[in-house]
Amino acid sequence: QVQLAESGGGLVQAGGSLRLSCAASGRTLNMAPMGWFRQAPGKSREFVAAIYWDTGNTYYADSVKGRFTISRDNAKKTVFLQMNNLEAEDAAVYYCATSRDPVSRLIVRDRRQYDYWGQGTQVTVSS
């Protein structure tokens with residue numbers, strides 16, 4: 001079993017920055033990805049970014065590429081999402097997630113591949 005806890009959300013002005021953290025505990029899998037997803041009111045949960053514990057390979061949604069950076073600290077079993085130049089459209093509840101089994105990079109953006117989810121952290125962007 002894996003437990004995930006997000007932190008770092010808050011209120012920020014458009015153009016500002018936030019750094020989200022996701023601390024994992026329990027038996028994480030090195031070949032599993034750690035993903036960030038977000039869900040705005042009335043919308044489905046969408047992929048934001050992912051990173052693999054073992055390789056450090058990263059993947060991004062087109063909407064955040066160049067503005068968001070995902071990174072990890074393996075020793076602390078923590079993943080970060082640095083969000084710069086935030087836009088109103090970035091406002092959502094952000095969730096981190098990981099899988100029980102290895103996930104191919106080809107489907108790392110598919111939320112159905114993820115088995116464990118955090119409780120989410122709210123990001124609000126004021127214009």
Any chance you could measure Ser17, atom OG, to Gln82, atom CD, to the nearest 0.5 Å? 5.5 Å
Where the side chain of Asp115 meets the backbone of Arg100, is there a donor-acceptor pair that is under 3.5 Å apart? yes
Before we go on, tell me: are the rings of Phe47 and Tyr59 under 6.0 Å apart, centre to centre? no
Is there a donor-acceptor pair closer than 3.5 Å between any side-chain N or O of Glu6 and the backbone N or O of Cys22? no
Quick check: is Val108 connected to Leu29 through a chain of hydrophobic side chains (ILVMFWY, heavy atoms under 4.5 Å apart)? no
Starting at CD of Glu87, measure out to OG of Ser63 and round the result to the nearest 0.5 Å. 8.5 Å
For the pair Lys43 (side chain) and Ala92 (backbone), establish whether a donor and an acceptor sit closer than 3.5 Å, ignoring hydrogens and angles. no
To the nearest 0.5 angstrom, please state how far the OG1 atom of Thr69 sits from the CE atom of Met83. 11.0 Å
Say whether, by atom type as modelled, one donor and one acceptor occur between the side chain of Arg67 and the main chain of Asn85 under 3.5 angstrom. yes
Which heavy-atom pair separates Arg109 from Arg105 by the least distance, and what is that distance? NH1-O, 4.4 Å
At what distance, to the nearest 0.5 angstrom, does CG of Asn84 lie from CG of Asp90? 10.5 Å
When you measure from the centre of the six-membered ring of Trp117, is the NZ or CZ of Arg111 under 6.0 Å away and within 45° of the axis? no
Within the distance-only criterion (no hydrogens, no angle test), does the side chain of Glu46 pair as donor or acceptor with the backbone N or O of Phe37 below 3.5 angstrom? no
Min side-chain heavy-atom separation Val48-Leu81 under 4.5 Å: yes
How close do Thr78 and Ser21 get, heavy atom to heavy atom, and via which atoms? CG2-CB, 4.3 Å
Minimum heavy-atom separation for Tyr60 to Ala49, with atom names? CD2-CB, 3.7 Å
Val125 and Gln13, any side-chain heavy atoms less than 4.5 Å apart: no
Counting C-beta onward and ignoring hydrogens, is there a side-chain heavy-atom pair between Arg38 and Val64 closer than 4.5 Å? yes
Ring pair (Phe, Tyr, Trp, His ring centres under 6.0 Å) partners of Phe80, counting only residues at least two apart: none
Quick one: pull up OG1 in Thr28 and CD in Gln3 and give me the separation to the nearest 0.5 Å. 10.5 Å
Has Asp110 got a side-chain atom pairing as donor or acceptor with Ile107's backbone, closer than 3.5 angstrom? no
Is it the case that one hydrophobic cluster holds both Val93 and Val79, taking links as side-chain heavy atoms less than 4.5 Å apart, direct or via other members? no
Say whether Tyr94 and Ile70 are linked into one hydrophobic cluster, either directly or through other cluster members, by side-chain heavy-atom distances under 4.5 angstrom. yes
Using the rule given for side chain to side chain contact (heavy atoms under 4.5 Å, CB included), can you reason through Thr98 versus Leu4, listing the C-alpha separation, both sets of side-chain angles and the distance that settles it, and then say yes or no? CA-CA 9 Å; Thr98 193; Leu4 302 172; 4.2 Å; yes
Counting distance only, does the side-chain N/O of Ser99 pair as donor-acceptor with the main-chain N or O of Tyr114 below 3.5 Å? no
Within the distance-only criterion (no hydrogens, no angle test), does the side chain of Tyr95 pair as donor or acceptor with the backbone N or O of Gln39 below 3.5 angstrom? no
Are Val2 and Leu20 joined in one hydrophobic group, where the rule is that I, L, V, M, F, W and Y side chains link up if heavy atoms are under 4.5 Å apart? yes
Determine yes or no for a side-chain-to-main-chain donor-acceptor pair under 3.5 angstrom, with Arg72 supplying the side chain and Lys77 the backbone. no
How long is the straight-line distance from CG of Asp54 back to CG of Asn74, given to the nearest 0.5 Å? 8.5 Å
Is it the case that the ring center of Phe68 lies less than 6.0 angstrom away from the ring center of Trp36? no
Cluster link Val103 to Met34, ILVMFWY, side chain under 4.5 Å: no
